[in-house]
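Data first, discussion second: the structure below is written as structure tokens.
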Amino acid sequence: MSVQVGIIMGSKSDLHIMKDAADVFKEFGVEFEMTVVSAHRTPERMFDYAKQAAGRGLKVIIAGAGGAAHLPGMVASITVLPVIGVPVKSSNSIDGWDSILSILQMPNGIPVATVALNAAKNAGLLAVQILSTADASLAAKMQAYKDELRKKVEESALEL
């Protein structure tokens, strides 16, 4: 199987958050790559990554960024692939709101699917759901995952 998802982050300091998406892909058997691509410090690298992603076989890009958080939107402006933005509460962040709003408030025509603050796991799950639209085996795994979530809630309700 080839690499289907790219996980990128603006800084290595975001890895402790972004690894949660990688863990989802390991659980579901989805091939992924992970690297640092800074919109501000390495713009050429960002442009190259976004321009080449589809041609290299990627189907979805997850981009995590803190502070001004331009990475997801800039990547989305360059590629035709779906981009999922993960706002990261960084050390220089204003309680994470700067990251959330920078990713969420995209202009019409440049959509970025945005998950909650530090919610790389949800970004991974959304990417799996996107890939599941063209992969029956992956869709079955996602259904089993959701069935397990439902089962846990029902068990909790019985315990109360």
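Taking the side chain as every heavy atom from C-beta outward, Glu33 and Ile7 never approach each other to under 4.5 Å. The side-chain heavy atoms of Leu81 and Val60, taken from C-beta on, include no pair separated by under 4.5 Å. Two residues are said to be in side-chain contact when any heavy atoms from C-beta on lie closer than 4.5 Å; Ile62 and Val5 meet this criterion. In this structure the side chain of Lys146 reaches within 4.5 angstrom of the side chain of Gln129, judged on heavy atoms. By the 4.5 Å heavy-atom criterion applied to side chains, Val75 and Met46 are counted as neighbours. The side-chain heavy atoms of Leu58 and Gln4, taken from C-beta on, include no pair separated by under 4.5 Å. At least one side-chain heavy atom of Leu15 sits less than 4.5 Å from a side-chain heavy atom of Met9. Contact annotation: the side chain of Met142 approaches that of Leu125 to within less than 4.5 Å [non-hydrogen atoms, C-beta and beyond].
Between Arg45 and Thr35, the side chains place a donor N or O and an acceptor N or O closer than 3.5 Å (distance only, hydrogens not considered).
Glu27 pairs by the side chain to side chain contact (heavy atoms under 4.5 Å, CB included) definition with Tyr145, not counting sequence neighbours. In this view, His16 satisfies the ring pair (Phe, Tyr, Trp, His ring centres under 6.0 Å) rule with no residue, not counting sequence neighbours.
Here the closest heavy-atom approach between residue Ser2 and residue Glu31 is recorded as O-CB, 3.3 Å. When all heavy atoms of Phe47 and Met74 are compared, the pair lying nearest together is CZ-CE, 4.3 Å.
With hydrophobic clusters built from ILVMFWY side chains whose heavy atoms lie under 4.5 angstrom apart, Ile100 does not share a cluster with Val86.
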Let me check something: any side-chain donor-acceptor pairs from residues 101-123 under 3.5 Å, sequence neighbours excluded? List them with distances.
unit_1: Ser102; atom_1: OG; unit_2: Ala68; atom_2: O; d: 2.7
unit_1: Ser102; atom_1: OG; unit_2: Asp98; atom_2: O; d: 2.8
unit_1: Thr114; atom_1: OG1; unit_2: Val112; atom_2: O; d: 3.3
unit_1: Asn118; atom_1: OD1; unit_2: Lys89; atom_2: N; d: 3.1

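In this structure, OG on Ser132 lies 9.5 Å from NZ on Lys141, to the nearest 0.5 angstrom.
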